[in-house]
Amino acid sequence: MAKNFTTREDNYSQWYNDLVIKADLAENSAVRGCMVIKPYGYAIWEKMQAALDKMFKDTGHSNAYFPLFIPKSFFSREASHVEGFAKECAVVTHYRLKASPDGKGVVVDEDAKLEEELIVRPTSETIIWDTYRNWIQSYRDLPILVNQWANVVRWEMRTRLFLRTAEFLWQEGHTAHATSEEAIAETQQMLEVYATFAEEFMAMPVLKGFKSPNERFAGAIETYCIEALMQDGKALQAGTSHFLGQNFAKAFDVKFLSKENKLDYVWATSWGVSTRLMGALVMAHSDDNGLVLPPKLAPFQVVIVPIYKKDEDKIRITEKALEIKKALISKGISVKFDDRESYTPGYKFNEHEFRGVPVRLALGPRDLENGTVEVARRDTMEKEVLQIQDIENKIQHLLDQIQDNLYQKALTFRDNSTHYVDTWEEFVKTLDEKAGFIYAHWDGTAETEQKIKEETKATIRLIPLIEKKEDGKCIYTGKPSTQRVVFARSY
RNA sequence: CGGGGUAUAGCGUAGCCCGGCUAGCGCGCCUGCUUUGGGAGCAGGAGGUCGCAGGUUCGAAUCCUGCUACCCCGACCA
């Protein structure tokens with residue numbers, strides 16, 4: 001059991017905050033709402049990036065980079081887009097400082113006022129579509145399949161490490177297509193990519209669906225999303241993919257000539273996931289002993305801790321440990337040999353457990369005698385002693401098992417936290433007593449959705465993609481409905 | 001941005017009501033010796049603008065005012 005560490009039952013949000021800081025993932029910075037992502041946390045993000053980036057490339061996308069700053073006028077071009085983001089934009093108004101009159105520090109030089117103010121991007125649709133205008137003349141220029149890895153700024157009132165910060169890292173894909181069908185297919189394809197990533201790499205099951213008009217991205221025709229369930233029964237939006245129709249093409253006058261020599265507006269998509277996934281990852285698997293990482297995203301999959309008393313043991317154990325390390329590396333397993341001398345084995349055990357290293361090997365004099373090694377897995381906290389012989393294959397198998405077990409555990413949890421309700425009383429009761437995803441009928445109006453939100457804080461997380469048509473009555477108004485939607489309280 | 005709370009060494013805290021501090025303790029840190037199969041022990045040592053700025057007072061960590069940051073609850077949101 002970790003020292004001075006809040007348990008989930010005791011205070012879930014405190015548990016999360018403590019975990020992020022004590023597992024060395026991130027910390028608050030001197031700038032309000034902005035975090036410092038520490039090396040260990042960033043290493044996990046890099047693993048996520050690498051996996052996603054490969055999936056983007058495999059589906060034909062290329063990376064590019066667009067400016068951090070966006071001319072203010074660009075924003076006003078697409079009406080609902082401005083409306084959605086205006087309240088949380090950081091604005092650059094000047095380009096120079098000068099020594100302050102009292103000689104203490106610097107002040108903004110009022111003479112250096114920008115002719116047109118610049119917005120720090122909260123998302124890049126506008127600058128990108130302004131650019132695409134010059135890239136696109138005919139159907140031969142399409143599709144454009146571009147992604148960018150970048151930071152964005154949304155001036156949030158209340159922030160939490162990874163889950164909501166004023167500045168965050170993400171990727172945003174922006175594609176341009178000749179037809180509506182192709183753009184919709186792209187939107188759905190990227191949703192699948194996100195779902196696959198969440199399930200295969202993060203070991204986190206997700207629901208796929210699309211948003212109600214209320215929850216839709218500002219400027220989109222349709223917003224698709226994946227939603228995951230956290231251990232406290234709250235939902236977390238883990239990724240979004242938007243079909244933007246011709247909204248941005250019209251706003252930025254991006255037209256192309258078709259094969260038939262007809263001029264038409266270009267069809268668009270955009271899609272993104274952010275460092276918020278780090279928060280999702282923490283909350284999906286971790287326990288009261290600290291972080292639990294799926295092997296596919298762990299900075300180190302295996303840590304080897306040597307145990308010795310005498311110097312001669314140390315030499316022999318180090319030699320054997322390095323041998324094991326080499327064998328594991330030959331199988332593509334990432335290994336850290338923790339030979340720090342200033343910490344005891346017990347200390348190291350606790351530290352690596354807290355940081356979520358999937359597998360720990362402990363190697364001492366007894367093991368040398370017997371040709372064995374002690375293997376401890378983080379997900380179940382089980383220990384066993386194995387023959388060193390063929391250890392690389394055994395560990396590889398174990399890592400696969402851990403990855404799978406984490407997914408199954410999360411899936412079982414989600415299944416047990418998914419409820420079907422048909423009456424308002426049941427709905428309110430389930431929300432308060434069980435939380436989780438609630439499938440219920442809704443009359444399809446924004447008013448009803450808003451009322452439900454006001455009364456219960458629950459929102460429609462998504463309208464399931466796989467349409468199971470089922471006649472029913474709206475839990476709030478009793479009006480007819482043809483399909484259940486998913487409600488939950490959310491992050 | 002509204003309501004509440006907190007701010008003392010790297011971290012966690014005592015002291016604050018009732019001013020007298022040369023600011024105490026635990027963890028961590030440094031040095032040495034002994035240790036090492038689940039957060040080692042002993043000895044010695046370093047480390048503080050008491051969040052910031054004013055004010056009251058012979059004297060302020062302590063009382064007053066303003067500001068800032070963080071936490072919790074709302075509104076907003078990935």
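In what follows, chains are A, B, ... by sequence order, proteins preceding strands, each numbered from 1. All values below were derived from every heavy atom in this structure, side-chain atoms included, with hydrogens, water molecules and symmetry-related copies excluded.
B/rC52 and B/rA9 have their P atoms separated by 10 Å, with the value rounded to a whole Å. Taking atom P in both B/rC21 and B/rC16, the straight-line distance is 12 Å, to the nearest Å. Nucleotides B/rG15 and B/rA53, compared at atom C1', are 24 Å apart to the nearest Å.
Across all strands, A/Thr165 comes closer than 4.0 Å to base atoms (heavy-atom distances).
If you check B/rG38, B/rU36, B/rG37 against the side chain of A/Tyr308, the one that comes closest is B/rU36. Here B/rG37 is the nucleotide among B/rC70, B/rG37, B/rG74 with the atom lying nearest to any side-chain atom of A/Pro365. When the nucleotides B/rC71, B/rG38, B/rU36 are ranked by their closest atom to the side chain of A/Asn28, B/rC71 comes out on top. Comparing B/rG74, B/rC77, B/rG38 by their nearest atom to the side chain of A/Arg158 picks out B/rG74. Of the candidate nucleotides B/rC76, B/rU36, B/rC29, B/rC29 has the atom lying nearest to any side-chain atom of A/Tyr343.
Between A/Val373 and A/Arg154, the residue whose closest nucleotide on RNA chain B is further toward the 5' end is A/Val373.
The base of B/rG39 lies outside donor-acceptor range of the side chain of A/Glu351, with no N or O pair under 3.5 Å. Side-chain to base pairing of A/Lys457 with B/rG74: no donor and acceptor N or O lie closer than 3.5 Å to each other.
At least one side-chain nitrogen or oxygen of A/Thr344 sits closer than 4.0 Å to the OP1 or OP2 atom of B/rA40. Taking only side-chain nitrogens and oxygens, A/Asn17 never comes nearer than 4.0 Å to OP1 or OP2 of B/rC70.
The distance from atom CZ of A/Arg360 to atom C1' of B/rG38 is 8 Å, rounded to the nearest whole Å.
Taking CD of A/Gln171 as the start and CH2 of A/Trp271 as the end, the distance is 6.0 Å to the nearest 0.5 Å. One distance of note links OG of A/Ser417 with NZ of A/Lys234; it measures 14.5 Å at 0.5 Å rounding.
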Exercise answer: donor-acceptor pairs, residues 308-315 of chain A side-chain atoms, under 3.5 Å, sequence neighbours excluded:
from     : atom 1 : to       : atom 2 : distance (Å)
A/Asp313 : OD1    : A/Arg316 : NH1    : 3.2
A/Lys314 : NZ     : A/Glu341 : OE2    : 2.4

Using Watson-Crick and G-U wobble pairs whose two distances are both under 3.5 Å, how do you write the pairing of RNA chain B as dot-bracket, with | for links to another strand? (((((((..((((......[...)))).((((((.....)))))).....(((((..]....))))))))))))....
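No donor-acceptor pair closer than 3.5 Å links the side chain of A/Asn370 to the backbone N or O of A/Thr372.
Judged as a salt bridge (Lys or Arg N to Asp or Glu O under 4.0 Å), the pairs with a partner in residues 202-216 of chain A (not counting sequence neighbours) are, in order, A/Glu192-A/Lys208, A/Lys211-A/Glu227, A/Glu215-A/Arg461, A/Arg216-A/Glu222.
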